[in-house]
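Quick notes on the structure that follows.
Note that this is a predicted model, so its numbers are computed, not measured. Heavy atoms only: backbone and side chains are in, while hydrogens, waters and symmetry mates are out.
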Amino acid sequence: MKLSLSNVLKTLLFALSSITFVVGVGLGTYYIINNSKKNEVIASKPGNREIVDLKKSTKTPVALIEHETNGSYFLGLEGLEELNSRIINELNFGPEIGALKSIRINNLSILGEGVSGQYNPFTQEMEISISRYIKPFKNIPISEKIDLIFQTIIHEYGHHFANTYITSIATNDPRNSRKLFSKYGNKSAHKNINKTFLNAFENSLHYSDTEMNNALSKDKSSVGSAISARDLYLKSNNIDIKNSDQNNFLGIDDYRFSSELPFENKKFLYTNDSSWYSYLFSIDELLTRKLQQISYIDTINGKTIANKSTQFTGTIIEGSLSASTFAGDISKNRKIIWKGSGNNKAYEISEDLKMLDDPFGGKFTNSENKISTIDSTVQELWKAYFDVAGYEYGISQIFMKNTSFQKNANTRSAILPKDFDQIKLSGYLKLDESKNYKSIILTKKDASKLSLEFEKNDYEYKWLKAKTNMLSKNATISKEKNMFGYVTDYFSFSTIDTSKPLKVWNDINKDGNIDRGEEESLTVPPTRPVTTFRESFVKTFADNSTYRDADVVGNNFYEIISLENEAYLQLYSIIDDKLQSRSLFSNIWDTHIFVSDNINIPNGVIMINNNQRKSEK
C-alpha cells in the first residue's frame with residue numbers, strides 16, 4: 001500500500017498553537033544546496049517587498065531569508081548579517097550545517113502566528129516566527145531582536161542535528177534499535193535510532209533504571225509527583241501512543257503541572273496541562289531538548305530590552321511571560337529563583353530535583369520524604385551526542401541531493417529520481433601545518449580520478465561543548481581538537497568505481513597535481529552508519545504494513561563502510577520491503593559476512609565491519 005503525497009505530508013508536519021513551544025518534525029530526509037562562491041545579497045525592490053535574502057556562502061553557513069510584514073522588515077539585511085555572525089560565533093555546529101537549506105523568518109504561509117518555529121526534515125528548511133514580537137519590539141536594537149529568536153533557532157537546529165546523525169539509519173539495519181515509536185496522526189511509526197546512541201542516551205537520563213526513575217516527587221506541583229520521568233518517556237514512545245488530549249493515555253489527564261518562573265522581581269505561573277507531556281517526552285523532542293540543555297550557554301542573562309527584558313526564562317509581552325523552551329525544560333526538573341537587585345541581579349537554579357532525568361544531577365526528595373543524591377551524567381550524555389556525529393572521522397555523513405521545497409504548510413514538492421544519483425560527503429580533517437588537504441579523491445569507472453575539492457571555511461567549524469553547570473559560560477568539557485570540517489560538492493554515484501577506496505588528497509609539494517604518495521586513507525567509524533538513508537523514505541506502522549512515499553519508491557541510498565581501515569561506497573536499494581546490497585564487493589566478497597555485536601543480519605543485507613569477521617561457505 002502506498003500513501004499519497006498529501007497524506008504523507010500530513011503525517012510529517014504538525015503545528016502547535018502555544019507560543020511557549022517550538023515545533024520540530026522528527027522524521028529524517030535531507031536536502032543540501034550548493035554553496036555559492038561569494039556572499040550574494042538579493043535586496044528588496046520597490047513594489048516587490050517580499051524577502052531579504054542572505055545567500056549561503058563560505059562566510060554564510062546557512063541561507064537566511066526574512067519575509068516582510070506590513071511593508072517593512074523586523075531584521076532587514078543588517079539584521080540578517082548580524083544573525084549570521086551570531087550563528088557562526090554561538091551556535092554549536094559541524095559540517096551538518098551544510099545540509100540545512102535555509103532559515104526562513106516570518107514566512108506565514110508555513111507557520112501560524114502562535115508558533116515559534118518548525119524544522120522540516122524532508123525539505124531541510126527551518127521556519128522561525130516573529131509575529132508576536134513585531135508590535136512590542138519594533139524599535140529595539142537589532143542585536144536585541146535577535147535575542148528574541150536565537151533560542152528557537154538553537155532548538156530547531158537540534159532537530160536538524162538529530163535527523164542528520166541519530167535517526168539516519170535504515171529500518172532493517174541491525175544497528176537500528178526500533179524499540180521506540182513516534183506518533184503521526186493516529187498511527188504509531190517505528191522510530192529509527194542508532195542503537196549505541198540510544199543506549200547511552202537512556203542510561204544518562206536514567207530511563208533504563210527502573211528502581212531509580214520510577215520514584216515520585218514530593219513536590220505536588222510537579223509532573224513528577226503523579227508520574228515518573230521514566231514512565232513518561234516509555235509511555236510517550238510506546239506503540240499504543242495516542243493523542244493524549246483525546247485519550248487518558250498517560251493516566252494524568254485531570255492534572256495540570258505548574259512552576260513559577262522568575263522574571264526580575266516578578267514571578268509567573270508557568271503551567272502545562274497533561275496533553276502536552278506525550279509531546280514533551282517524545283523521543284523527537286527529547287533529542288533536541290536535552291542537547292540544548294547541556295550545550296546552550298546563555299549569553300543574554302540579565303539584558304534589558306526597551307524597558308522589557310529578554311533572559312533565558314523568557315520574554316515579557318504585554319505583561320505576560322512567554323517562557324523559553326530552555327527555561328520550560330529546566331522548570332520540569334528544578335526551581336529557578338531570581339535573587340539580588342541592581343547590578344547584582346542573577347538567576348539561581350535549585351539543586352532540588354522534581355524528576356530524575358536531569359543530566360546535571362542534584363538532590364531528589366521522593367513521595368516518602370526520602371532524599372537521594374543523583375550524580376551528574378552530563379559528560380556521558382554529551383559523549384553520546386559527540387560520538388554519534390562521527391567527529392574526528394574523515395567522513396561524518398553523506399547526503400543525497402533533495403531538490404524538494406516546502407511550498408506552504410500543507411504541500412511540498414517531490415523528490416526527483418535523479419536526485420538519488422547525486423550525493424556529497426562531509427567530515428573532519430586535522431589542521432596540521434604539515435598537511436595541505438585539497439580534496440576527496442574517488443576513482444571513476446573509466447579509471448580516471450574524481451577530485452571533490454573543498455575550502456577551509458573562513459568561519460571556524462565548531463563542535464558541541466557540554467556545560468558542567470547549567471548557567472556556566474566557561475566551564476566546559478570539550479573534546480575539541482585541531483580539526484576543520486568540510487563539505488564536498490555533489491557527484492554522480494553511478495560514475496564511481498565502488499570497488500576502489502575513497503582517499504583524501506594532501507598536496508604535499510603544493511603543485512596543484514595529484515602526485516604519487518599524496519593520496520591518504522580516510523577513516524570512518526565501523527560501528528555507526530554513515531548513510532543517505534532517512535527514515536521518512538520508509539515508515540513501518542503498528543499494523544506491520546510498510547508505506548513508502550510515492551516520490552521515492554524503487555530508489556537507492558548509499559552508505560560509507562569501513563574495511564580494514566579504508567572507506568568505500570556501498571549502494572543499497574529497498575526491494576520488496578527489504579534492504580538489498582547491490583554493488584560493493586558482490587563479486588569477491590559473496591562468501592564473507594561481517595557481523596557486528598552478534599546481531600542477526602536481515603536477509604539481503606551485507607554488513608561490513610572491520611572489527612569482527614566471520615567467513616561462511
Side-chain angles (χ1 to χ4, degrees), residues 19-22 52 54 61-62 64-67 69 72-93 103-106 111 113 115-118 126-158 261-264 266 268 270 288-289 292-293 295-331 336 338 343 345-347 349 462 465 467 470-473:
I19 64 173
T20 301
F21 299 101
V22 290
V52 171
L54 195 64
V62 58
L64 301 174
I65 301 168
E66 182 183 3
H67 292 245
T69 302
S72 63
Y73 297 100
F74 189 66
L75 295 179
L77 180 58
E78 180 184 355
L80 294 185
E81 290 173 340
E82 186 165 335
L83 175 58
N84 179 60
S85 296
R86 288 284 296 271
I87 288 171
I88 291 172
N89 295 320
E90 296 181 30
L91 181 66
N92 291 314
F93 61 84
I103 297 176
R104 293 193 296 195
I105 298 169
N106 208 38
L111 293 183
E113 292 188 6
V115 181
S116 296
Q118 176 186 279
M126 183 191 297
E127 305 289 345
I128 303 296
S129 174
I130 58 170
S131 296
R132 64 189 183 279
Y133 299 138
I134 291 174
K135 183 178 179 180
F137 300 111
K138 180 179 180 180
N139 296 317
I140 64 174
I142 288 175
S143 61
E144 296 172 355
K145 291 180 179 180
I146 293 171
D147 288 344
L148 295 168
I149 65 173
F150 202 68
Q151 279 197 38
T152 303
I153 290 174
I154 290 172
H155 178 95
E156 298 301 338
Y157 194 84
L261 287 181
F263 194 87
E264 295 187 340
K266 301 177 183 178
F268 292 84
Y270 176 77
T288 186
R289 288 172 183 269
Q292 183 177 13
Q293 195 171 12
S295 64
Y296 174 69
I297 297 177
D298 175 42
T299 60
I300 55 177
N301 187 14
K303 178 176 285 187
T304 298
I305 296 185
N307 298 320
K308 308 289 184 180
S309 190
T310 296
Q311 290 137 347
F312 82 98
T313 54
T315 303
I316 293 290
I317 301 179
E318 296 179 348
S320 298
L321 178 68
S322 172
S324 70
T325 56
F326 187 51
D329 290 337
I330 293 173
S331 71
I336 306 174
W338 176 258
N343 294 329
K345 293 183 296 186
Y347 291 105
I349 298 179
K462 304 179 300 163
K465 297 179 181 179
K467 297 179 296 182
M470 198 170 297
L471 284 181
S472 172
K473 296 182 181 180

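Listed by chain and number, the residues in a side chain to side chain donor-acceptor pair (under 3.5 Å) with Ser331 amount to none (sequence neighbours excluded). For the side-chain contact (heavy atoms from CB on, under 4.5 Å) test, residues two or more places apart in sequence or in another chain that qualify with Gln292 are Gln151, Ile154, His155, Tyr296, Thr325, Phe326. The side chain to side chain donor-acceptor pair (under 3.5 Å) check on Thr288 picks up nothing, with sequence neighbours excluded. The side-chain contact (heavy atoms from CB on, under 4.5 Å) check on Ile88 picks up Pro61, Asn84, Tyr459, with sequence neighbours excluded.
From Ile336, atom CD1 reaches atom CD1 of Ile349 across 5.5 Å, with rounding to the nearest 0.5 Å. From Ile146, atom CD1 reaches atom CZ of Phe74 across 9.5 Å, with rounding to the nearest 0.5 Å. In this structure, the separation between OG on Ser322 and CD1 on Ile317 is 5.0 Å, given to the nearest 0.5 Å. The distance from the CD1 atom of Ile105 to the CG atom of Leu111 is 11.5 Å, given to the nearest 0.5 Å. A distance of 9.5 Å separates CG in Leu148 from CD1 in Ile130, rounded to the nearest 0.5 Å. Here the OG atom belonging to Ser324 is positioned 8.0 Å from the OH atom belonging to Tyr270, to the nearest 0.5 angstrom.
Taking the side chain as every heavy atom from C-beta outward, Ile128 and Ile103 approach each other to under 4.5 Å. Under the 4.5 Å side-chain criterion, counting only non-hydrogen atoms from C-beta, Leu83 is not in contact with Leu54. The closest side-chain heavy-atom distance from Arg86 to Asp147 is below 4.5 Å. Looking at Lys145 and Tyr133, their side chains never come closer than 4.5 Å, going by heavy atoms from C-beta outward. In this structure the side chain of Leu75 never reaches within 4.5 angstrom of the side chain of Asn106, judged on heavy atoms. Residues Leu91 and Tyr157 have side chains in contact (heavy-atom distance under 4.5 Å, counting atoms from C-beta outward). Counting only heavy atoms from C-beta outward, the side chains of Ser143 and Glu82 approach each other to under 4.5 Å.
Remark: the backbone N or O of Gly76 is paired with a side-chain donor or acceptor of Glu66 at under 3.5 angstrom.
Taking every heavy atom of both residues into account, Leu321 and Phe263 meet most closely at CD1-CD1, 3.7 Å. When all heavy atoms of Val52 and Leu80 are compared, the pair lying nearest together is O-CD1, 3.4 Å.
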Problem set entry | Residue pair Ser116, Arg132: steps toward the side chain to side chain donor-acceptor pair (under 3.5 Å) verdict | CA-CA 9 Å; Ser116 296; Arg132 64 189 183 279; 3.0 Å; yes
For this session: Take Phe268 and Thr313 through the test side-chain contact (heavy atoms from CB on, under 4.5 Å) and record every step on the way to the result.
Result: CA-CA 10 Å; Phe268 292 84; Thr313 54; over 6 Å; no
